Structures are given as C-alpha cells and as structure tokens.
Amino acid sequence: MQSSLQNPNLSVTAFQQEIERKYQCPASERVQVLAELTGVLDLFLQNKWTDADHPGKRQALLAGLNQLLGPQAQGNIVLAQIDSRPGHVVENAQKVMAYMMAAEAIGADMVIFPELSLMGYPIYDAIGRYRVLVEQNIQMLQALAQRSGKTRAVVGFVEPRQFTQAGRVVGKSFYNSVAILGEGQIEGVVRKSLLPTYGEFDDYRMFEPSPASGTHPGKTLSSADWGFTEKAMSGIPSNIHGHYWGISICEDGWNDDSFFHQGKLYRQDPVEELIQGGAEVIINTSASPTRALKEQLKHSMLASVAQRYQRPIVYVNRSGAVDESVFDGVSRVYDAQGHLVARAKAFEEQFLIANPFTGLGSIEALPKGEEQTFGVPKTYNPHDSSDLERTYKAVVQGIQSYFQSAGAYRAVLGLSGGLDSSAVATLLAESLGPENVLGISMPSKITSHSSKTDAHQLAENLGIHFIEIPIQEVIQTFESQYTKLNLGFWGSSV
C-alpha cells in the first residue's frame with residue numbers, strides 16, 4: 001500500500017505536519033513508520049523525486065528519522081542496497097555520497113555498501129587495461145573519506161598493491177577491498193581472502209587473495225607488504241561506536257565447515273577468525289548473482305552461521321545487472337539465534353534501517369514462490385513455478401541494465417501475434433515502460449488474418465505503440481530481382 005507521503009501533490013507544509021505526527025507514534029508502530037519514511041527517502045535517493053520539485057521534504061524526512069532513531073551508539077545501521085555500474089566510478093561515488101549523507105543526517109552508527117561499490121562488480125580485465133579507473137576509484141574513496149563524519153561508511157573499492165622497497169610485487173596487482181570511512185579519514189581497510197573461480201566468478205584472475213582477514217589500519221592502504229605476520233593480522237574486528245564488527249567480503253562468508261561439511265572449498269574460514277578475534281556482529285558486503293535455489297541456500301547458510309556462533313549476521317548485496325550476471329539485492333539481517341529480523345526488496349535499490357542487537361527492521365517479501373520452498377530439500381526443476389517470478393524479475397532487470405548501459409531507452413520489435421514476439425513485447429513493456437516500446441506488424445500474402453489481429457490486440461493490451469507496414473511489395477521486388485540471378489557456375493540457373 002502506497003504511503004500518503006508519496007503523494008506528489010502533498011504540500012510541503014502538509015508533508016512536514018504528517019512527518020511530525022508519525023514520529024510521535026507508539027513504539028509498536030515504530031518499524032512500520034521507519035519503513036514508510038525510508039520508502040519516501042528512496043524516491044529522492046533514486047532520483048525519482050528532486051529537491052527542486054519537492055523542496056523541504058527530504059530535510060523533513062531525515063529529521064523525522066533522526067528523531068525516531070535517537071542518539072548514536074545503539075547499533076542502528078543502514079544497509080545501502082545500491083546498483084553500481086562497473087567502471088562508472090564518479091557516478092557510483094555520487095550515489096555512495098548521497099547514501100552516506102542521508103545516513104549521517106539520521107544519526108546511524110554505520111552505513112554499509114555492497115562489494116566493490118565504487119568500481120562496480122564484476123569488473124573483469126578493465127582494471128588491468130585501464131589503470132586510470134583504479135586511480136580514479138582511489139581519488140573518489142579519499143574524497144568520500146574527507147566528507148565522512150560520525151557515521152562510519154563501509155565502502156567497497158579496488159585497492160592497488162604498490163611496489164615494495166625491493167622494487168616489485170609478488171602476485172596480482174590489486175586487492176578486492178573495503179574501506180571504513182569516518183571522521184574525515186580512512187580508518188581501516190579489509191581485503192578479500194577467498195577468491196572464487198567457479199561458475200560466473202573469475203576473481204583470482206584479477207585480485208590477490210589477502211593473507212589476513214579482518215580490519216587493518218588505514219595507513220596500510222595500497223601497501224603490498226604490511227610488515228606484519230599473517231597470524232598477528234588476522235581476525236581483527238572494527239570498533240565502531242562501542243561495538244566490534246567483523247567485516248568480510250562476499251566469498252569470505254561462504255566457507256563454514258559445519259554447513260558445507262562435504263563441499264568446503266578453502267582451508268581458511270575468515271568468519272571463524274573474526275569470531276575468534278572478538279567480533280560481536282559479522283558483516284558480509286557482497287555482490288552475489290541470483291540463480292535458481294540460491295536464495296534458499298543463502299538463507300539457510302546465513303541463519304546457520306548466526307546460530308553456530310550466536311552472533312548476528314548483516315548481509316548487504318547489490319542490485320542491478322552486468323552482462324550475464326543479475327543481482328537480486330535482498331540484503332538482510334539475522335539475530336544471534338539465526339532469526340530473520342530485516343530484509344530488503346528484491347531487484348531494487350533500497351535504504352534499509354536495521355539494528356542487529358535489538359532486532360529492529362522491516363522484512364520485505366521475496367519473489368512469489370521462493371519462501372514456500374525454505375527448508376524443503378529439492379533439486380532444480382525448470383518447470384517448477386515457485387521460481388517463475390524470480391526468473392521474470394531477473395530478466396526484466398537484465399534488460400533494464402542493458403539498455404541503460406547502451407544509453408538507450410526505447411525499443412522497436414516486430415509483432416507476429418505469436419508466442420515469441422508476445423513474450424519479448426511483454427518483457428520490454430515491463431522493463432522500459434509501454435510508452436517506450438513500438439510494435440510493428442509486417443503482413444504479407446502468407447500472413448493470416450488472426451496473426452494481424454492478435455498483434456494489434458497484444459499492443460492494445462500492453463499499451464505499447466503499434467503500426468502496420470505491409471511488406472508484400474518488398475517481397476515481390478526481391479523475388480523479381482532474385483529470378484534474374486545466373487548461378488551457372490553451379491551448373492544451374494534460377
């Protein structure tokens with residue numbers, strides 16, 4: 001149900017009065033009001049609303065959220081589920097800045113972004129071929145650090161490994177890293193230890209695995225040789241507003257031997273090292289593509305790890321799509337007993353407030369059919385309708401990302417009235433908006449009457465533009481020219 005605050009015609013005065021009324025809500029309605037206010041804030045963060053068109057409303061939202069959350073050091077965090085476009089470093093940094101400033105304004109302890117949120121993931125060989133992108137992502141990271149305040153920001157980036165005094169670096173030229181920004185500086189750096197090289201992943205070709213898990217001093221940025229032993233540097237959590245947060249990156253959270261007891265891929269378990277180092281909460285900043293049955297696996301694994309160590313788990317995943325990889329988002333928080341306490345939307349960007357200590361958080365619905373299969377052992381069945389909506393949303397997001405990357409926003413396709421063109425037209429109308437799709441019927445003498453009427457009816461049903469261009473004359477012209485060809489070199493003529 002859409003909030004009354006999302007009515008674009010609501011005056012600024014009425015909007016502010018409604019905000020003031022809502023932040024005086026009883027404690028039992030607090031989660032609902034937080035979700036309602038952040039839902040409107042998302043309109044600004046996703047550039048669907050602007051300050052020019054809605055002056056004063058963003059400030060009223062942030063003030064109301066600040067009032068609801070109260071002072072810092074309570075464990076309130078923001079899961080910044082964003083879509084970072086690979087190689088668009090400045091654009092990504094601007095988005096990160098907007099979420100950082102919003103989190104700072106509401107007094108959150110921390111805002112957490114997905115893996116490689118500055119560079120975009122996957123980046124493949126671009127960072128090796130175009131070193132300027134890496135330099136730019138470091139410049140943007142430093143600029144973000146300078147703008148950071150009391151709210152810490154956990155931001156993913158590509159970290160270059162500089163030459164040592166010996167004049168060379170052994171291994172790859174980059175780390176897949178996360179920086180902790182706060183009080184105007186880079187306070188710490190976390191490097192990814194486990195690099196997947198299976199399925200759609202090829203991290204090891206680009207990145208050097210970190211010899212140590214946990215948070216390392218900000219002064220070690222871009223240093224290939226920290227001068228510390230692996231044992232001394234592993235498993236160190238970050239102390240943020242009085243709580244110890246163990247930060248890991250994607251694959252580093254996928255090697256629990258009690259869950260993957262028959263399929264563990266690595267000897268090292270960064271999560272276990274962080275627990276041994278004193279982490280109160282485990283954070284996993286991720287860029288994990290969606291596929292059939294993965295949500296069921298992910299839910300079971302994260303809940304199991306939380307139960308095993310009696311520690312809350314915070315998982316932040318990106319949304320969007322890059323080539324063949326589609327990311328569903330669905331960031332979430334589990335409490336120390338493994339119960340789900342917060343979950344973001346699927347296939348959308350979102351600013352989600354949660355607290356892993358108090359259980360504060362709203363739970364968004366999964367694509368229809370996924371949750372009903374939780375805890376049910378099963379294998380993938382392409383005819384299983386429980387995965388239909390997730391698949392549909394993944395295809396739509398992939399189309400949207402492709403058009404955005406190509407700088408296009410309109411599509412033209414032929415409509416025959418048959419199944420194939422009907423399915424494509426439906427997906428395009430959903431992805432781009434029906435006003436941006438044109439269907440063309442191209443009848444000839446062999447085109448049935450039903451084909452033409454079905455194509456026209458489909459266009460009306462979808463609300464897309466439609467024109468008919470008969471091609472019979474074109475076919476006749478082609479045939480008349482084709483009959484004149486002499487193919488005697490094959491021993492015959494046509």
Side-chain angles (χ1 to χ4, degrees), residues 80-100 111-148 153-162 169 171-181 186 188-197 200-210 218 220-224 247-252 283-289 316-327 329 331 349 401 404-405:
Q81 180 173 291
I82 65 171
D83 175 7
S84 297
R85 298 174 64 194
H88 293 254
V89 178
V90 174
E91 175 189 299
N92 296 337
Q94 290 171 339
K95 185 177 291 187
V96 168
M97 176 63 74
Y99 279 73
M100 280 177 55
V111 55
I112 308 161
F113 293 89
E115 177 183 14
L116 290 188
S117 42
L118 272 185
M119 181 63 73
Y121 181 94
I123 193 64
Y124 300 120
D125 293 330
I127 53 177
R129 294 179 180 178
Y130 309 106
R131 294 295 288 260
V132 65
L133 290 176
V134 180
E135 295 169 6
Q136 192 177 53
N137 109 125
I138 293 296
Q139 292 169 358
M140 291 298 102
L141 183 72
Q142 293 168 337
L144 290 168
Q146 290 173 4
R147 294 288 299 277
S148 64
V154 178
V155 180
F157 71 106
V158 172
E159 180 184 8
R161 300 177 67 229
Q162 303 293 354
V169 169
K172 309 294 171 50
S173 298
F174 311 104
Y175 285 122
N176 181 337
S177 300
V178 158
I180 298 94
L181 313 180
I186 300 173
V189 179
V190 179
R191 288 125 181 145
K192 190 173 182 179
S193 297
L194 309 182
L195 302 178
T197 54
E200 63 269 62
F201 304 107
D202 201 7
D203 284 24
Y204 188 69
R205 194 176 79 228
M206 300 167 286
F207 298 110
E208 178 73 8
S210 174
T220 66
L221 178 69
S222 297
S223 174
I247 302 173
S248 61
I249 304 174
C250 204
E251 188 83 350
D252 289 350
I283 293 173
N284 187 262
T285 172
S286 195
S288 183
V316 182
N317 191 29
R318 65 158 294 185
S319 63
V322 180
D323 297 329
E324 74 278 10
S325 297
V326 179
F327 304 88
S331 305
E349 293 185 312
S401 176
Q404 182 186 34
S405 298

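Computed from a predicted structure; not experimentally measured. Only this structure's heavy atoms are used, side chains among them; waters, hydrogens and symmetry mates stay out.
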Query - Euclidean distance, D203 CG relative to E208 CD, rounded to 0.5 Å - result: 12.5 Å
Requested in this report: Supply the atom-to-atom distance S405 OG to D323 CG, rounded to the nearest 0.5 angstrom.
Outcome: 7.5 Å
Requested in this report: Using modelled atom types only, decide if a donor and an acceptor are shared between the side chain of Q81 and the backbone of S331 within a distance under 3.5 Å.
Outcome: yes
Report task. Report yes if some heavy atom in the side chain of M100 is under 4.5 Å from a heavy atom in the side chain of F113; otherwise report no. Result -> yes
Query raised in the report: What heavy-atom pair brings Y204 and P209 nearest, and what distance separates the two atoms?
Result: CE1-CD, 3.7 Å
Query - Donor-acceptor pair between E200 and S325 side chains, under 3.5 angstrom - result: no
Query raised in the report: Is there a donor-acceptor pair closer than 3.5 Å between any side-chain N or O of N317 and the backbone N or O of S288?
Result: yes
Report task. Find the distance between CG (N137) and CD (Q142) and round it off to the nearest 0.5 Å. Result -> 10.0 Å
Query raised in the report: How about R205: does its CZ atom have over 12 heavy atoms from other parts shown lying under 6.0 Å from it?
Result: yes
Query raised in the report: Can you name the closest pair of heavy atoms from A287 and E115 and give their distance?
Result: N-OE1, 3.1 Å
**Report entry** Atom pair OG/CD1 of S319 and I82 - distance to nearest 0.5 Å
**Finding:** 8.0 Å
Query raised in the report: Less than 4.5 Å apart, any side-chain heavy atom of E159 and any of F207?
Result: no
Query raised in the report: Any idea which heavy atoms bring V89 and M140 closest together, and the distance?
Result: CG1-CG, 3.7 Å
Requested in this report: Mark yes or no for whether K95, through its side chain, and S117, through its backbone, hold a donor-acceptor pair below 3.5 Å.
Outcome: no
**Report entry** Polar side chain donor-acceptor pair, S248 to N284, under 3.5 angstrom
**Finding:** yes
Requested in this report: Determine, step by step, whether Y175 and V189 satisfy the side chain to side chain contact (heavy atoms under 4.5 Å, CB included) criterion, reporting the C-alpha distance in whole Å, the side-chain angles of both residues, the deciding distance to 0.1 Å, and the verdict.
Outcome: CA-CA 11 Å; Y175 285 122; V189 179; over 6 Å; no
Query raised in the report: Heavy atoms, side chains only, cut-off 4.5 Å: are N176 and R191 in contact?
Result: no
Report task. Flag the pair Y121 / S84 as yes when at least one side-chain heavy-atom distance between them is below 4.5 Å, and no otherwise. Result -> no
Query raised in the report: Which distance, rounded to the nearest 0.5 Å, do you find between the CD1 of I112 and the CD1 of I247?
Result: 7.5 Å
Query raised in the report: Any side-chain heavy atom of L118 within less than 4.5 Å of one from L144?
Result: yes
Report summary line: Nearest heavy-atom contact between S286 and C250 is OG-SG, 3.0 Å
Query raised in the report: Does S193 offer a backbone N or O that forms a donor-acceptor pair with the side chain of D252 under 3.5 Å?
Result: yes
Requested in this report: Mind listing the closest non-hydrogen atom pair of G156 and V178 along with its distance?
Outcome: CA-CG2, 4.0 Å
Report summary line: Distance col, row L221:CG vs L141:CG, nearest 0.5 angstrom, shows 7.0 Å
Query raised in the report: Is the backbone of K172 close enough, under 3.5 Å, to the side chain of R161 for a donor and an acceptor to pair up by distance?
Result: yes
Requested in this report: Measure the shortest side-chain to side-chain distance between F201 and L195 over non-hydrogen atoms and say whether it is less than 4.5 angstrom.
Outcome: no
**Report entry** M206 vs V158 side-chain heavy atoms within contact, under 4.5 Å
**Finding:** no
Query raised in the report: How far apart are the C-alpha atoms of Y99 and E349, what are their side-chain angles, what is the distance that settles it, and do they pass the side chain to side chain contact (heavy atoms under 4.5 Å, CB included) test?
Result: CA-CA 11 Å; Y99 279 73; E349 293 185 312; 4.1 Å; yes
Query - Sub-4.5 Å side-chain heavy-atom contact between L181 and I186 - result: yes
